**Student:** 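Following this message is one structure expressed as C-alpha cells.
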Amino acid sequence: MDESPLRCLLIARQGPEDREERIQDHLLELAELARSCGFEVQSRRVLKRPQIAPKTFYGSGQLEALADEASRHGVRHLICDDELTGSQVNAIEKLTGLICLDRTGLILSIFEQRAQTREAKAQVELARCEYELPRLKGAWTHLERQGGGVGLRGGPGETQIEVDRRMVRTRISQLKRELGHLEQVRKTQRDGRPKGLPRVALVGYTNAGKTSLLKALTGEGEPRDLLFATLDTTTRKAWLGQDFNPETEEGSLEAKPTYKHCLVADTVGFIRKLPHQLVAAFRSTLGEVRTADALLVVADAAHPDLEDHLKVVGATLREIGCEPEGVEAQPRLLVLNQVDRLHRPQKLDLTKRHPGAVQSCATEGLGVEEIRTWLRELIPGPAKPRELEAWELPEATSAS
Ligand SMILES: Nc1nc2c(ncn2[C@@H]2O[C@H](COP(=O)(O)OP(=O)(O)OP(=O)(O)O)[C@@H](O)[C@H]2O)c(=O)[nH]1
Ligand SMILES: [Mg+2]
C-alpha cells in the first residue's frame with residue numbers, strides 16, 4: 001500500500017434527529033474543504049450515534065474500526081465534521097494513533113495556507129490562537145517560531161500549561177493591537193478612495209462565483225475552483241455603462257446614469273459553521289461589507305444545497321451587523337449564479353422561489369447587464385421597500 005501522509009478519512013455523527021442525507025451532504029462539503037486544504041479523501045463515514053460519548057465523542061468501538069481501516073490504507077489523518085473539545089481530540093488521537101482535525105481546525109488550516117497580506121495573516125493567527133487556547137496540551141511550538149520575547153517562565157510553581165496559556169494570551173493581545181492599527185490604515189484608505197463613488201460588496205457562500213462576478217464586472221479577478229480561494233478583500237472599479245466589454249474597453253451609455261462607475265469589493269466567502277473565531281478576527285476585512293452602499297449576494301444556483309447556503313449567508317450577514325431591513329439596511333440584490341448548469345424547468349422554479357433575483361452565469365457574462373442596471377438605478381441610496389426572502393429572516397438561523 002503506498003503511503004500518503006495527506007490521505008484522510010472523514011467522519012460525521014448522525015444523531016437521532018438528523019437525516020442521513022443531510023449528514024452525507026455535510027460530509028461532501030467537508031471533502032471539498034479537505035481537498036482545498038491539500039488532502040486526498042480515502043473515504044467518508046456517517047457514524048450513527050444516538051448519544052455523544054463524552055470522552056471520545058464517537059465511542060471507542062467505531063473509532064477502533066476506523067483506525068484499522070486507516071492503517072490498511074496508509075491513512076494518517078482523521079477529519080471530523082463535528083466540533084470537538086481539546087480533550088476529545090486528544091482521546092481520539094490516543095485511541096486511533098491518527099492525527100485528528102475537527103471542522104474548525106480544518107478551516108483554520110485552509111485560511112493559514114491562503115493568507116497573503118499582513119492583515120490576513122494576523123487575522124488568521126488571531127483566530128488560531130483563540131481556537132487553541134482552550135485546547136492547549138503541552139508545548140506551544142507555534143509561538144516559539146514567532147520569536148518576539150514572549151514565553152519566559154513566570155514565577156515559581158507556574159506549570160508548563162500555564163506558561164503556554166500566558167504565551168498565547170500575550171500573543172492574542174499583540175495581534176489585536178496590530179489589527180487595530182491595520183484597521184485604522186484600512187479606514188484611511190477607504191476615506192482616501194475617489195470621493196462619491198458608490199461602493200458595492202460581493203458576498204456569499206464560498207465557491208459561488210464572487211470573484212468570477214468581480215471579473216465580469218471589472219475585468220479583474222482570478223476565480224479558482226477551491227473553497228476560500230479569496231481571503232483578502234480586493235476592490236476594483238466597475239463601469240456601469242451598458243454593453244461594456246472589459247476586454248476592449250468599449251461600451252455605450254444609455255440614458256444618463258448618475259454614476260458611470262462604482263467600486264466593487266470581492267470578499268472572503270461564508271460557509272456553514274464558519275468558525276466564530278474567524279468571523280471575529282475578520283471583523284475589519286468584513287467592515288468592507290458592513291459599510292458598502294449595496295450588497296450583491298452571490299449564490300451557486302446549481303448547488304443542491306442552495307437554500308441552506310442562503311440561510312447561512314443571511315445568518316452570517318446578521319452576525320457581522322448587516323440587517324436586511326430598517327434604516328441601516330443596504331440595498332441587496334440576490335444573484336443566482338451558475339445557471340448555465342441548470343435546465344429550463346429548474347430556472348423557472350428558481351424564478352418562482354426568488355422572484356427578485358438576477359439569474360447569472362458569471363463566466364459567460366450572462367445577467368451582468370441586469371446587475372449593472374440595478375446598480376445604476378439603486379446606488380447610492382436607501383434600500384427600497386421589498387418583501388424579504390425567508391433566508392434573510394432571523395428564524396432562518398440554521399447555520400449548523
Ligand atoms: N459553470 C459555471 N461556473 C462558474 C460560474 N461562476 C463561477 N464558476 C466557477 O466556479 C468556481 C468558483 O468561482 P469563484 O469566482 O472563484 O468563486 P468565489 O465565490 O470567489 O469562491 P471563494 O473565493 O473560494 O469563496 C470557479 O471554478 C469558476 O470558474 C458560472 O456562472 N458557471
Ligand atoms: Mg473568490
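Only a predicted model underlies this, so the values are computations on that prediction, with no experimental measurement involved. Counting convention: from 1, in listed order, for ligands and their atoms alike.
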**Student:** Distance from T56 atom OG1 to N90 atom CG, nearest 0.5 Å?
**Tutor:**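 Reported to 0.5 Å precision, the distance equals 12.5 Å.
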**Student:** Please list, in number order, the atoms of ligand 1 under 4.0 Å from a heavy atom of P223.
**Tutor:**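 Within the 4.0 Å cut-off of P223, ligand 1 contributes 14 (P), 15 (O), 16 (O).
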**Student:** Going by the atom numbers of ligand 1, which of them fall below 4.0 Å from some non-hydrogen atom of L227?
**Tutor:**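 By the 4.0 Å cutoff, the relevant atoms are 24 (O).
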**Student:** For this output row, return yes or no: ring centroids of F282 and F111 closer than 6.0 angstrom.
**Tutor:**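 Ring-ring flag for F282/F111: true, centres closer than 6.0 Å.
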**Student:** Kindly confirm or rule out an N or O of A229 lying under 3.5 angstrom from an N or O of ligand 1.
**Tutor:**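 Yes - when backbone and side-chain N and O of A229 are compared with those of ligand 1, one distance drops under 3.5 Å.
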**Student:** Looking at ligand 1, does any of its N/O atoms fall within less than 3.5 Å of an N/O of D340?
**Tutor:**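 Among all N and O atoms of D340, at least one is under 3.5 Å from an N or O of ligand 1.
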**Student:** Specify the closest pair of heavy atoms between D81 and Y58, including all atoms of both residues, with the distance to one decimal.
**Tutor:**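 Shortest heavy-atom contact: N-OH, 4.2 Å.
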**Student:** With backbone taken as N, CA, C and O and side chain as the heavy atoms from C-beta onward, which portion of V339 lies under 4.0 Å from ligand 1: side chain, backbone, both, or neither?
**Tutor:**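 No part of V339 is near ligand 1 at this cut-off.
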**Student:** Any salt bridge between E29 and R103, counting N to O under 4.0 Å?
**Tutor:**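 Yes, charged N to carboxylate O under 4.0 Å.
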**Student:** Side chains of N207 and D225: is there a donor and an acceptor less than 3.5 Å apart?
**Tutor:**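 Side chains of N207 and D225: pair found under 3.5 Å.
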**Student:** State which residue, out of L47, I11, L84, L63, fulfils the side-chain contact (heavy atoms from CB on, under 4.5 Å) condition with F57.
**Tutor:**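 Going through L47, I11, L84, L63 one by one, the side-chain contact (heavy atoms from CB on, under 4.5 Å) with F57 is satisfied by L84 alone.
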**Student:** Any idea which part of R224 is under 4.0 Å from ligand 1, heavy-atom wise: side chain, backbone, both or neither?
**Tutor:**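 Within the 4.0 Å criterion, R224 contacts ligand 1 through backbone atoms alone.
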**Student:** At a 4.0 Å threshold, what atoms of ligand 1 neighbour a non-hydrogen atom of R341?
**Tutor:**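 Ligand 1 atoms under the 4.0 Å threshold to R341: 1 (N).
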**Student:** Which of the numbered atoms in ligand 1 are below 4.0 angstrom from a heavy atom of F228?
**Tutor:**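 Heavy-atom distances to F228 below 4.0 Å select 24 (O).
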**Student:** Atom 27 (O) of ligand 1: which protein heavy atom is closest, and how many Å away?
**Tutor:**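 Of every protein heavy atom, D225 CB, 3.3 Å lies nearest to atom 27 (O) of ligand 1.
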**Student:** Going through the checks in order, is the side-chain contact (heavy atoms from CB on, under 4.5 Å) test met by T206 and E32?
**Tutor:** CA-CA 11 Å; T206 183; E32 272 301 291; over 6 Å; no
**Student:** Numbering the atoms of ligand 1 from 1, which are under 4.0 Å from a heavy atom of N207?
**Tutor:**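 Within the 4.0 Å cut-off of N207, ligand 1 contributes 11 (C), 12 (C), 17 (O), 18 (P), 19 (O), 21 (O), 22 (P), 24 (O), 25 (O).
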**Student:** So D102 and R135, salt bridge (charged side-chain N to carboxylate O under 4.0 Å, His left out) or not? Walk me through it.
**Tutor:** CA-CA 12 Å; D102 68 0; R135 292 178 167 74; 3.7 Å; yes
**Student:** Regarding atom 7 (C) of ligand 1: of the candidates S212, G365, S36, which has the closest heavy atom?
**Tutor:**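 Considering heavy atoms of S212, G365, S36, the nearest to atom 7 (C) of ligand 1 sits in S212.
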**Student:** Is the distance from the Mg ion (ligand 2) to some N, O or S atom of T230 under 2.8 Å?
**Tutor:**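 Short answer: yes, at least one N, O or S atom is under the cut-off.
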**Student:** Does any N, O or S atom of S212, backbone or side chain, fall under 2.8 Å from the Mg ion (ligand 2)?
**Tutor:**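 Not a single backbone or side-chain N, O or S atom of S212 is under 2.8 Å from the Mg ion (ligand 2).
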**Student:** Number the atoms of ligand 1 from 1 as they appear, then name those within less than 4.0 Å of a heavy atom of G209, with their elements.
**Tutor:**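 Here the atoms of ligand 1 in question are 7 (C), 13 (O), 14 (P), 15 (O), 17 (O), 18 (P), 19 (O).
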**Student:** Taking only heavy atoms of T206, which atoms of ligand 1 are found under 4.0 Å from at least one of them?
**Tutor:**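 By the 4.0 Å cutoff, the relevant atoms are 22 (P), 24 (O), 25 (O).
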**Student:** I'd like to know if E125 and R171 make a salt bridge, using a cut-off of under 4.0 Å between side-chain N and carboxylate O.
**Tutor:**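 Salt bridge present between E125 and R171.
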**Student:** Does E364, at its CD atom, have more than 12 non-hydrogen atoms belonging to other residues, nucleotides or ligands within less than 6.0 Å?
**Tutor:**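 Incorrect, the count does not exceed 12.
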